Amino acid sequence: MLLPEFRATEDCMGVANECFALAQRIFPICRSITGDGVRQTLGVLGEYIPLKPVEVPSGTPVLDWEVPHEWNVRDAYIKGPDGRKVVDFQSNNLHLVSYSRPVSARMALAELRTHLFSLPQHPDWIPYRTSYYRDAWGFCLTHRALESLSEGEYEVVVDTSHEPGSLTYAELVLPGESPQEVLIYTHVCHPSLANDNVSGMSLATMLARHLAPTTHHFTYRFVFAPTTIGSVTWLARNEANVGRIAYGLVMGLTGDRGALTYKASRRGDTAIDAAARHVLPNLDPNARLEPFSPYGYDERNFCSPGFNLAVGRLTRSANGKYPEYHSSADNLDLIEPRSIAETFLACVQILRVLEHNVCFVNLRPKGEPRLGPRGLFRTTGGTDPGRLEHAYLWLLNQSDGGRSLLEIAERAGMPFDFVYQAACDLQKAGLVERAPREGS
Ligand code: ZN
């Protein structure tokens, strides 16, 4: 069994604590869709797994897009009429609108206000805003701070560079028995926001670290890249090889207290969709299973009609569906190890279904074979068979080479892992054998 040490949420608490510690390390870094913050972050993740960084030069055409200029920040602040800093990038990187162009100017409050963003409904939170692909600048601040600004002349300094450079992403490939791949994609472009997506980067890193020493059927490809332009760039560079991607999971927002949410692939009926539909409700009765929609994270690109890959998305709360989303309240208090542990387990269980969802063939299909002499049935008769015996009976009855273990688990109303274990018992007893896998 793939990663047999992780069967319950409690088993994943050690990993979750490691994820949380990693999240604390990378939380303060100022990231964007390009720039040194992404490189620095990937450098930290690279201490845990052997990541291969890729640099794609600005101006490179990628599908219908172009790799943008690289953006870096040295400093940014606003000084009030009395010369004191009223907004300071150094105290929180959310203060500067991402991709702001350089500015050095003095202006009246009325003009300054057209460049300021706040959240009146949450007066103590700093919003997160971006100005990708626009020649603009701006600052974000708490509504309370905005309201306290007095009339007068302000000094604005945005010391940024916005010039040809490159877009950075990183990959890790874990070869399996089959060249068919499972793609795990997570976005690396958000600054100090914990759930979105320090949590996803940490979890993907730890998942890769635990998968690396195991043997597995599929080849696993982990991609850490900025959202939208990152997946567009990756797809443009790997267009000839996307046929290898059997399944994929866009993963992010993995640590908050909201219920697990799986968004189906555009196709909706692939094995990863079926796996998630089976795994999530077994883990949490409040889990949400959502149909595909062309809005969200990088599943939009993997599921665009020209690729139409079997790629779903796993989050806890989804993008835009929690009050703290894209604000300074999405901080380390919003994520917790227990939620991270459950998300980690959901990933492991989905991958386990993909790995082990094979068909078996009953080698004694004429009549019900005797389980007792093979040590598979309780010796005392007269009572109903137990759960494990039920699983054996379901497997023996349904294993005609055409029904997968997942289909049998669904039909029997049993967790996949349990049915898989039962199939292994029957195989050991010589009652079933594995049918060859389709296409690999
Ligand atoms: Zn986001």
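Since the structure is predicted, the reported quantities are computational estimates derived from the model, not experimental observations. For ligands, and for the atoms within them, numbers begin at 1 and follow the listed sequence.
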Problem - Lys/Arg-Asp/Glu bridge criterion (N-O < 4.0 Å) met for Asp124, Arg144 - result: yes
Problem - Sidechain N-carboxylate O distance under 4.0 Å for Glu47, Arg25 - result: yes
Practice task
Applying side-chain contact (heavy atoms from CB on, under 4.5 Å) between Val156 and each of Glu111, Met107, Arg106, report the one that passes.
Solution key: Met107
Exercise for the section: Could you grab the protein N, O or S atoms closer than 2.8 Å to the Zn ion (ligand 1) for me? Expected result: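 Hits for the Zn ion (ligand 1) below 2.8 Å: His190 NE2, Asp196 OD2, Tyr297 OH, His326 NE2.
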Completion exercise
Closest non-hydrogen contact found for Ser265 with Cys303 is CA-SG, 4.1 Å
Practice task
Might you point out which heavy atoms bring Ala259 and Asn286 nearest each other, and give the distance in Å?
Solution key: CB-O, 3.4 Å
Practice task
Could you tell me whether a side-chain N or O of Thr160 sits under 3.5 Å from a main-chain N or O of Ser100, the two making a donor and an acceptor?
Solution key: yes
